[in-house]
Number of protein chains: 2
Amino acid sequence: MDTAERLIESTRELLWERGYVGTSPRAILQRAGAGQGSMYHHFSGKEDLALAAVRRTIDQMRATADVLLSAPGAAPERITSYLRRERDVLRGCPVGRLTMDPEIIANSRLRQPVDELFGWLRRRLADVVAEGQARAELDPGLDPEATAAAVAATLQGGYVLARAAGSPEPFDHAVDGILALLTCPAT
Amino acid sequence: MDTAERLIESTRELLWERGYVGTSPRAILQRAGAGQGSMYHHFSGKEDLALAAVRRTIDQMRATADVLLSAPGAAPERITSYLRRERDVLRGCPVGRLTMDPEIIANSRLRQPVDELFGWLRRRLADVVAEGQARAELDPGLDPEATAAAVAATLQGGYVLARAAGSPEPFDHAVDGILALLTCPAT
DNA sequence: GTCTATAGGTTGATAGAC
DNA sequence: GTCTATCAACCTATAGAC
């Protein structure tokens, strides 16, 4: 792994753990085992490096979600496998975490990829819901967009509740709750 | 409003906007119009002042939620009025925001009140769900705890989606989605 | 109770040697 | 490409005058 690569990976970890405001170039360099010159050679500064890190995290998240949501099988099962996929719940969502950062939200270059990921996710989930309705796997009375937003929000909020509790239990409960609501009338 | 009061209020605002990591004593003092001596006279330091601010925010949140969830009326209506109460969605939840802060989570004194609030909220919502089931207003097959966690998570996740989008729309969508799921089999 | 002065460390960035 | 040296500004806290 070359230096630029190590810088991006260290930044990804620190953005996840501490956010943009809480992450200093110095901490990134220390973790990457690089000097200051390396960073300012490969990137124009903290913002530029963070953008590279955010883009990579988001590409990974989208790919992971797409595999699970595009798998063969019924819509409720695909949504279940997405919500129940293995997660390090107490670390939180590396993308959702960024939305609480004032300097990410204030900076349109940094916010844009985050916006795109959640926009894509809601559309993708809405498509799965609509497919499920067409195949009589889900209640045809549901609004696909609203249902998709509720599913995505439950996931993000589950992280919040779990971190507050210091335990993954509220996350698992929330996922159980939304899945029961989603599948109860259809079965 | 005396100096200690202004310090607490300024801290509450800044914790909401920027989190604990992103808030400096200097910024608090500037906003409160106080000098450094005042802060270290009334509080032992940043942590102590933040604790006072967090406790006050949490007391307010609990009181507001309790009024809406304890109002007369059917369970679905009370949950609806809680989820649809006026909110400054793009500012996010002042308590949920704290769960993304590494130094809040790592500090048990600061995390404790946050933990208590969400624990209380989930129990309160579960009680409302159970009451609704007893009065045949909600599907008796639902697990009250899981349903309550899903409702609380939708709220918290709604803020995340809205801030990512730069618009309250995903929040409103998520709330519509969870309420439709909750009330559809009962009606 | 509040102020200013000061401390030792960190932030994000630049300069220039190698 | 990577390093160290340096910068002005800021961080959290303490000291001590008023």
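Every chain is numbered from 1, with letters handed out A, B, ... down the list of sequences.
Looking at residues two or more places apart in sequence or on another chain, you find a side chain to side chain contact (heavy atoms under 4.5 Å, CB included) between Pro94(B) and Trp16(B), Thr57(B), Met61(B). In terms of the ring-ring contact (aromatic ring centres under 6.0 Å, His included) criterion, residue partners of Phe171(B) (sequence neighbours excluded) are, by chain and number, Tyr159(B). Applying the side chain to side chain contact (heavy atoms under 4.5 Å, CB included) criterion to Ser81(A), with sequence neighbours excluded, gives Leu68(A). For Glu13(B), the side chain to side chain contact (heavy atoms under 4.5 Å, CB included) partners at least two apart in sequence or on another chain are Glu17(B), Arg31(B). Every residue two or more places apart in sequence or in another chain was checked for a side chain to side chain contact (heavy atoms under 4.5 Å, CB included) with Asp59(A), and none qualifies.
With hydrogens and angles disregarded, a donor-acceptor distance shorter than 3.5 Å links the side chain of Arg6(B) to the backbone of Ala32(B).
One end of the helix from dG1(C)-dC18(D) to dC18(C)-dG1(D) points its axis 10° away from the other end's axis, with each axis taken from 5 pairs and the angle rounded to 10°.
OP1 or OP2 of dG1(D) lies within a sub-4.0 Å distance of a side-chain N or O belonging to His41(A).
Using modelled atom types and a 3.5 Å distance limit, the side chains of Thr154(B) and Thr154(A) yield a donor-acceptor pair. Using modelled atom types and a 3.5 Å distance limit, the side chains of Arg124(B) and Ser70(B) yield a donor-acceptor pair.
The stretch residues 3-12 of chain A does not touch DNA chain C, since none of its heavy atoms comes less than 4.0 Å from the strand. Within residues 99-113 of chain B, no residue has a heavy atom under 4.0 Å from DNA chain C.
Using a 4.5 Å cut-off between side-chain heavy atoms of Ile, Leu, Val, Met, Phe, Trp and Tyr, Leu29(B) falls into a hydrophobic cluster with Leu7(B), Ile8(B), Leu14(B), Ile28(B), Met39(B), Tyr40(B), Phe43(B), Leu49(B). If you chain together ILVMFWY residues whose side-chain heavy atoms come under 4.5 Å of each other, Ile105(A) ends up in a group of its own. Grouped by direct or indirect side-chain proximity (heavy atoms under 4.5 Å, Ile/Leu/Val/Met/Phe/Trp/Tyr only), Val67(B) sits alone.
With Phe118(A) as the aromatic partner, Arg62(A) does not meet the cation-pi criteria of under 6.0 angstrom to the ring centre and within 45 degrees of the ring axis.
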(request) Between protein and nucleotides 5-17 of chain C, map the contacts as a letter string: B base, S sugar-phosphate only, - none, heavy atoms under 4.0 Å, written 5' to 3'. (result) B----SSSBB---
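In this structure, Val21(B) is not a member of the same hydrophobic cluster as Met100(A), with clusters built from ILVMFWY side-chain heavy atoms closer than 4.5 Å.
Rounding to whole angstrom units, CG of residue Leu14(B) and P of dT12(D) are separated by 11 Å. Rounded to a whole Å, the CG atom of Leu29(B) is 14 Å from the C1' atom of dC10(D). When rounded to the nearest whole Å, the span between CZ of Phe43(B) and P of dT14(D) equals 16 Å.
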